[in-house]
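One structure is given below, encoded as structure tokens.
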Amino acid sequence: MTTRKALMAGNWKMHMNAVEGCRLAADVAAQCRGYDDREVLLAPPFTILSEVSHALEGKGIITASQNVCWEEKGAFTGEIAPNMVKDAGCSAAIVGHSERRQIFGESNGMINKRVKGGLAGGLLIILCIGETLEEREADRAFTVLEEQLRKGLDGVDGGQMEKIVIAYEPVWAIGTGKTASKEQAQEVHAFLRGLLGRIYEKDVADTTRILYGGSVKPANVNELMAQPDIDGVLVGGAALKADSFGSIINFQ
Ligand code: PGA
């Protein structure tokens with residue numbers, strides 16, 4: 001049986017100044033019980049990536065940027081290059097978050113460039129996908145997810161998949177307090193794993209981690225993590241407080 005190490009990720013979005021972020025990072029580190037079956041990741045805003053990475057040195061917590069550009073440098077106002085992310089002490093980047101897709105108009109094509117650029121720069125990429133409520137109600141969720149996954153991973157070969165983590169985040173569950181039920185989430189995760197098996201090989205499908213995100217909190221993390229195809233969580237709101245994120249990372 002394949003064992004996939006759980007990844008418990010906190011996305012701070014556009015929250016936290018340097019002082020608050022370093023304090024939260026230290027408080028989260030203090031909550032880690034050193035389980036070896038899971039990893040913890042924090043994604044602070046760009047401005048404090050260095051400070052937070054520095055504050056976490058030697059604590060075994062991964063830091064990630066919330067986006068990454070495909071270019072190495074140049075006239076790309078508002079963007080951040082893979083080397084800049086690494087220079088700030090991070091080893092990972094989130095790509096394709098639904099807020100980037102919905103609010104800032106990022107397309108599957110652009111997200112695919114970010115995935116490939118981040119991989120070329122040596123980063124672990126968390127590729128987010130998720131359907132809207134409208135798409136779910138129109139019975140289009142699986143079609144949309146398949147398109148996002150296939151287009152997001154276009155040109156990524158099986159060997160590179162060890163540096164990819166997929167995050168399933170139904171848009172209707174993000175920041176709304178509405179979580180997908182454990183059955184709904186498991187159904188999608190199993191579908192995505194099957195799809196990875198068709199795009200790549202079974203061993204890629206078996207080893208790729210698929211996270212769930214969308215109103216994850218201490219009260220629902222245990223039942224989500226008990227699902228066979230849920231390999232971790234991507235947490236927004238509940239990651240902004242050390243006690244709630246602490247309970248999430250210490251799920252049973
Ligand atoms: P939420 O956000 O936990 O606040 O729903 C999740 C996310 O956007 O990654």
Side-chain angles (χ1 to χ4, degrees), residues 4-5 7-14 16 18 21 25 39-101 104-130 148-169 196 199-200 204 207-211 213 231-232 234 239:
R4 295 178 294 266
K5 204 174 233 199
L7 180 60
M8 312 307 281
N11 173 11
W12 292 357
K13 307 192 179 183
M14 200 169 72
M16 301 289 153
E39 292 177 325
V40 177
L41 176 149
L42 294 176
F46 293 156
T47 48
I48 61 169
L49 287 176
S50 286
E51 280 100 327
V52 172
S53 299
H54 191 67
L56 288 172
E57 250 166 40
K59 310 255 190 234
I61 295 180
I62 303 164
T63 49
S65 59
Q66 295 173 18
N67 209 348
V68 68
C69 188
W70 53 91
E71 297 285 349
E72 283 174 29
K73 62 172 152 185
F76 302 98
T77 302
E79 289 289 334
I80 184 166
N83 273 331
M84 295 171 174
V85 173
K86 282 198 295 195
D87 189 48
C90 303
S91 58
I94 296 172
V95 169
H97 189 279
S98 70
E99 284 145 22
R100 299 303 317 170
R101 296 175 187 265
F104 300 101
E106 291 197 12
S107 64
N108 282 321
M110 181 188 288
I111 289 160
N112 175 247
K113 283 163 81 172
R114 295 188 185 281
V115 169
K116 289 191 287 198
L119 284 178
L123 296 170
L124 175 83
I125 300 296
I126 301 178
L127 169 62
C128 304
I129 59 174
Q148 290 178 345
L149 192 74
R150 283 188 185 275
K151 291 192 171 163
L153 294 176
D154 187 39
V156 174
D157 63 40
Q160 291 174 297
M161 284 301 290
E162 61 180 35
K163 297 282 273 182
I164 297 274
V165 174
I166 307 297
Y168 167 56
E169 300 204 297
L196 287 172
I199 302 174
Y200 300 102
V204 170
T207 50
T208 302
R209 291 180 287 184
I210 308 177
L211 316 184
D231 308 314
L234 180 53

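Only heavy atoms go into these numbers, but all of them, side chains included; no hydrogens, no water, no symmetry mates.
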> Out of curiosity, Ile210 CD1 to Ile164 CD1, how far, rounded to the nearest 0.5 Å?
Replying inline: 12.5 Å
>> Could you check whether any side-chain heavy atom of Leu196 comes within less than 4.5 Å of a side-chain heavy atom of Leu149, counting everything from C-beta outward?
In response: yes
> Shortest non-hydrogen contact from Glu51 to Ala18?
Replying inline: OE2-CB, 3.9 Å
>> For a quick test of reading the model, state the closest non-hydrogen atom pair linking Leu234 to Ala167 and the distance between them.
In response: CD2-CB, 4.0 Å
>> I'd like to check Ile125 versus Val156 (side-chain heavy atoms, cut-off strictly below 4.5 Å). Are they in contact?
In response: no
>> As a quick check of understanding, evaluate side chain to side chain contact (heavy atoms under 4.5 Å, CB included) for Asn67 and Phe46, giving each step before the final call.
In response: CA-CA 9 Å; Asn67 209 348; Phe46 293 156; 4.2 Å; yes
> Between Leu123 and Lys163, does a side chain to side chain contact (heavy atoms under 4.5 Å, CB included) hold up when you go through it step by step?
Replying inline: CA-CA 7 Å; Leu123 296 170; Lys163 297 282 273 182; over 6 Å; no
> Can you name the nearest heavy-atom pair linking Trp12 to Pro44, along with the distance?
Replying inline: CE3-CB, 3.5 Å
>> Distance check, rounded to the nearest 0.5 Å: Asn83 atom CG versus Cys69 atom SG?
In response: 12.0 Å
> Atom CZ in Arg114, atom CD in Glu106: separation rounded to 0.5 Å?
Replying inline: 4.0 Å
> What closest approach, in Å, do Phe76 and Glu71 show between heavy atoms, and which atom pair accounts for it?
Replying inline: CZ-CG, 3.3 Å
>> To check you understand the geometry: which heavy-atom pair defines the closest contact between Ala25 and Leu56, and what is its length?
In response: O-CD2, 3.6 Å
>> Using every non-hydrogen atom in the two residues, find where Gln66 and Lys13 come nearest and quote the distance to one decimal.
In response: NE2-O, 3.0 Å
Distance-only check: which donor-acceptor pairs under 3.5 Å involve side-chain atoms of residues 84-97, not counting sequence neighbours?
unit_1: Lys86; atom_1: NZ; unit_2: Gly121; atom_2: O; d: 2.4
unit_1: His97; atom_1: ND1; unit_2: Glu99; atom_2: N; d: 2.9
unit_1: His97; atom_1: NE2; unit_2: Glu169; atom_2: OE1; d: 3.3

> From Ile111 CD1 over to Asp154 CG, what is the distance, rounded to the nearest 0.5 angstrom?
Replying inline: 13.0 Å
> Taking atom CG of Asp157 and atom CD1 of Ile199, what is their separation to the nearest 0.5 Å?
Replying inline: 13.0 Å
> Of Arg101, Gln148, Lys151, which meets side-chain hydrogen bond (donor to acceptor under 3.5 Å, both in side chains) against Asn108?
Replying inline: Arg101
> Does the side chain of Thr208 reach to within under 4.5 Å of the side chain of Tyr200, using non-hydrogen atoms?
Replying inline: no
> Hey, mind stepping through Asn11 and Ile126 against side chain to side chain contact (heavy atoms under 4.5 Å, CB included) and telling me if it holds?
Replying inline: CA-CA 11 Å; Asn11 173 11; Ile126 301 178; over 6 Å; no
>> Let me confirm one number: the CD-CG distance from Gln160 to Leu119, rounded to the nearest 0.5 Å.
In response: 5.0 Å
>> Walk me through whether Met16 and Val52 qualify under side chain to side chain contact (heavy atoms under 4.5 Å, CB included).
In response: CA-CA 11 Å; Met16 301 289 153; Val52 172; over 6 Å; no
